[in-house]
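Just the heavy atoms: all of them, side chains too, but no hydrogens, waters or symmetry mates, feed the values below.
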Amino acid sequence: MKLSVVDTVTPEDQEALLTGLRAYNQQFIDFSGWGDLAVYVRDEQGTMLGGLIGRCKGEWLDISYLWVSSETRGSGVGSQIMQAAEAEAKRRGCKQALVDTVSFQARPFYEKQGYQLQTTLQDYPYPGMQRHYLTKAL
């Protein structure tokens, strides 16, 4: 047996690890119906102004990324993106949503959307910052 520590994850190594992890997890979890969910907003020229990338996992929408361009913020586009993602997640059978955000990002925005703080990690990723985890019943 050989133990190695590396600073670059190759696609092959990641796939080998995930294949083993999925095989184990499939004993306990039904992965059918799991899948990506994305909502994008673009201007007339096709330039992205904002969007959300998440994944439906069982009965949960797991939001990975939400971004709205600085010139579009405050226009209601972020709320529209969230509402569209939540509606699609509900259509797919999700009953809950999860998002995490760092203290300098969008916690007040998510709370305005009805998300409730569940826990906070202090000094993440650096001293003086926090990572907040919020959920919402759909």
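- The shortest side-chain heavy-atom distance between Leu17 and Gln14 does not fall under the 4.5 Å cut-off.
- When side chains are defined from C-beta on, Gln96 does not count as touching Leu138, because their heavy atoms never get closer than 4.5 Å.
- Ser79 and Gln113 form a side-chain donor-acceptor contact under 3.5 Å, judged by distance and modelled atom types alone.
- Thr72 and Ser69 form a side-chain donor-acceptor contact under 3.5 Å, judged by distance and modelled atom types alone.
- In this structure, Arg73 contributes its side chain and Val68 its backbone to a donor-acceptor pair below 3.5 Å.
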Carefully, step by step, assess Glu15 and Thr19 under the rule side-chain hydrogen bond (donor to acceptor under 3.5 Å, both in side chains). CA-CA 6 Å; Glu15 188 54 37; Thr19 297; 3.2 Å; yes

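- Using a 4.5 Å cut-off on side-chain heavy atoms (C-beta onward), Lys136 and Glu86 make contact.
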With side chain to side chain contact (heavy atoms under 4.5 Å, CB included) as the test, would you mind laying out the steps for Glu111 and Leu134 before giving the verdict? CA-CA 8 Å; Glu111 290 175 331; Leu134 302 101; 3.8 Å; yes

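- Ion pairing between Lys57 and Asp62 holds under the 4.0 Å rule for side-chain N and carboxylate O.
- For Gln116, the CD atom counts as loosely surrounded, since its 6.0 Å shell holds 12 or fewer non-hydrogen atoms of other residues, nucleotides or ligands.
- Of the inter-residue distances, the one linking Asp100 atom CG with Gln118 atom CD reads 12.5 Å to the nearest 0.5 angstrom.
- Counting only heavy atoms from C-beta outward, the side chains of Leu98 and Tyr115 never approach each other to under 4.5 Å.
- The minimum heavy-atom distance linking Asp123 with Gly128 is given by the pair OD1-N, 2.9 Å.
- Residues Cys56 and Arg92 form a side-chain contact, since some pair of their non-hydrogen atoms from C-beta on lies under 4.5 Å apart.
- Taking all atoms of both residues into account, the shortest heavy-atom contact from Pro125 to Val102 is CD-CG1, 4.1 Å.
- If you chain together hydrophobic residues whose side chains sit under 4.5 Å apart, Tyr110 and Val39 fall into the same group.
- Annotation: side chain of Leu52 is not in contact with side chain of Trp67 (no heavy-atom distance under 4.5 Å).
- One distance of note links CZ of Arg55 with SG of Cys94; it measures 11.0 Å at 0.5 Å rounding.
- The shortest side-chain heavy-atom distance between Ile81 and Leu66 falls under the 4.5 Å cut-off.
- Between the side chains of Thr120 and Gln130, no donor-acceptor pair of N or O atoms lies under 3.5 Å.
- Between the CE atom of Met129 and the OH atom of Tyr124 there is a distance of 11.5 Å, given to the nearest 0.5 Å.
- Looking at Met82 and Phe109, their side chains come closer than 4.5 Å, going by heavy atoms from C-beta outward.
- Sorted by first and then second residue, the ring pair (Phe, Tyr, Trp, His ring centres under 6.0 Å) pairs involving residues 7-41 (not counting sequence neighbours) are Tyr24-Phe28, Phe31-Trp34.
- In the model, His132 has no side-chain atom that pairs as donor or acceptor with a side-chain atom of Thr101 under 3.5 Å.
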